[in-house]
Amino acid sequence: MDGTDAALPREGEQDATPEGRERRARRVRRATALGNLLPAILLAALGLLGAVVAWRVATAGSAAGDEDRAALTAARERASATVTAEQQIAQTTGAWLDYERGQRRAAALDAAGFHDEALQERQVATSHWFLVRPEYLDTQDVYDPEQHRAAILQAAATGSDIDPSAHEIAADAEYARVHELLIAAFIIVLALPLATFSEVSRGRWRLVTGVGGLVAMVVGASLVAAAWL
């Protein structure tokens with residue numbers, strides 16, 4: 001060891017000097033100040049985060065309720081459109097069957113030589129034809145009620161919302177969001193007693209409980225963010 005090294009004070013000797021003691025005191029004061037601020041900051045952050053979660057739960061619940069009401073309205077509109085469709089289909093089916101029976105009777109009367117009676121049957125059959133929707137007859141001139149029903153429902157869908165399934169899916173998604181937010185809120189609530197104990201305690205317990213509350217808050221905030229997106 002040369003003379004220069006021997007002249008330098010060691011670490012313990014530096015702390016023993018007035019300047020060293022002052023530096024160490026400043027470090028202790030900074031650490032103490034940071035430890036005193038941590039519980040207060042944690043409690044404030046928990047209050048803000050709790051308010052945000054409560055607001056988001058309220059908005060998600062309101063959105064779910066709106067979607068439920070929209071689904072109910074759409075279901076009523078679809079039921080009304082279905083009733084209208086069934087009424088028209090029943091009327092058209094009856095008219096088409098009467099027309100077909102009249103034509104067959106007329107053909108049978110013609111074959112038997114009763115041409116005047118056959119003409120009367122054709123006239124009666126023609127009167128039923130006016131209630132038949134020819135656009136819903138297939139290539140063999142057979143009435144297709146399924147095509148008629150689909151056309152009526154499609155026309156109803158252009159004027160109003162008759163599909164409740166989309167609203168039910170959206171409502172389920174909002175209810176799931178509320179459930180996830182409540183789980184996050186429970187974890188955030190667990191951080192509150194830790195932050196409170198850190199506020200009133202001293203020394204090692206203040207640090208341990210403060211860090212525990214901070215971890216719980218970070219986990220809860222992560223769950224809130226995941227549920228929000």
Side-chain angles (χ1 to χ4, degrees), residues 43-101 127-193 216-229:
L43 286 170
L46 286 173
L48 178 61
L49 186 59
V52 171
V53 172
W55 169 78
R56 192 65 183 92
V57 168
T59 56
S62 177
D66 291 341
E67 292 295 341
D68 276 339
R69 287 186 290 272
L72 183 59
T73 301
R76 283 198 294 260
E77 292 290 336
R78 186 174 186 86
S80 177
T82 301
V83 170
T84 300
E86 295 305 322
Q87 289 174 345
Q88 294 185 20
I89 288 170
Q91 183 182 46
T92 304
T93 300
W96 179 76
L97 290 175
D98 290 338
Y99 171 78
E100 286 293 318
R101 282 193 293 264
S127 67
H128 293 298
W129 178 256
F130 289 107
L131 297 176
V132 177
R133 303 290 296 273
E135 63 268 28
Y136 303 123
L137 300 180
D138 60 17
T139 56
Q140 297 178 350
D141 290 334
V142 176
Y143 173 64
D144 186 357
E146 292 299 327
Q147 182 183 0
H148 194 177
R149 183 180 294 106
I152 295 174
L153 293 179
Q154 183 177 3
T158 59
S160 59
D161 184 6
I162 63 171
D163 183 14
S165 60
H167 299 290
E168 291 170 353
I169 293 173
D172 290 341
E174 291 300 328
Y175 283 127
R177 191 191 309 276
V178 170
H179 179 70
E180 293 171 359
L181 287 170
L182 290 178
I183 293 176
F186 175 75
I187 295 177
I188 293 171
V189 168
L190 293 180
L192 185 59
M217 187 190 72
V218 170
V219 172
S222 300
L223 294 176
V224 171
W228 198 303
L229 301 178

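Values below: every heavy atom of this structure, side chains too, minus hydrogens, waters and symmetry copies.
- The two residues Leu49 and Ala221 make their nearest non-hydrogen contact at CD2-CB, 3.9 Å.
- The OG1 atom of Thr73 sits 8.5 Å away from the CG atom of Asp161 when rounded to the nearest 0.5 Å.
- Side-chain contact between Val53 and Arg56: absent, with no pair of heavy atoms (C-beta onward) separated by less than 4.5 Å.
- Of all the heavy atoms in Thr158 and Ala155, the pair that sits closest is OG1-O, 2.5 Å.
- Annotation for Gln154: atom CD does not count as buried by contact number, only 12 or fewer foreign heavy atoms lying within 6.0 Å.
- Of all the heavy atoms in Pro164 and Ala71, the pair that sits closest is CB-O, 3.3 Å.
- The only option from Ile183, Leu46, Val219, Leu223 that meets the side-chain contact (heavy atoms from CB on, under 4.5 Å) definition with Ile188 turns out to be Leu46.
- Taking every heavy atom of both residues into account, Asp68 and Ala171 meet most closely at OD1-CB, 3.4 Å.
- The two atoms that bring Ile187 and Ala216 nearest to each other are CG2-O, 3.6 Å, heavy atoms only.
- In this structure, the side chains of Leu153 and Arg78 come closer than 4.5 Å at one or more pairs of heavy atoms.
- In this structure, the side chains of Leu192 and Leu43 come closer than 4.5 Å at one or more pairs of heavy atoms.
- The residues Arg177 and Glu180 are annotated as not salt-bridged, no charged nitrogen and carboxylate oxygen being separated by less than 4.0 angstrom.
- By the 4.5 Å heavy-atom criterion applied to side chains, Glu174 and Asp66 are not counted as neighbours.
- With contacts defined as side-chain heavy-atom distances shorter than 4.5 Å, the pair Arg149/Gln88 does not qualify.
- Between the OG1 atom of Thr59 and the CG atom of Leu181 there is a distance of 8.0 Å, given to the nearest 0.5 Å.
- Interatomic distance, CD of Gln91 versus CH2 of Trp96, reported as 16.0 Å (0.5 Å rounding).
- Taken from CG in Asp98 to CZ in Arg101, the straight-line distance is 4.5 Å, to the nearest 0.5 Å.
- Tyr143 places a side-chain heavy atom less than 4.5 Å from the side chain of Ile89.
- At distances below 3.5 Å, at least one donor-acceptor pair connects side-chain atoms of Ser222 with backbone N or O atoms of Val218.
- Distance check: Thr93 OG1 to Asp144 CG gives 10.0 Å after rounding to the nearest 0.5 Å.
- For the atom pair CD (Glu135) and CD (Gln147), the distance works out to 8.5 Å, reported to the nearest 0.5 Å.
- Of all heavy-atom pairs between Ala151 and Tyr136, the closest is CB-OH, 3.4 Å.
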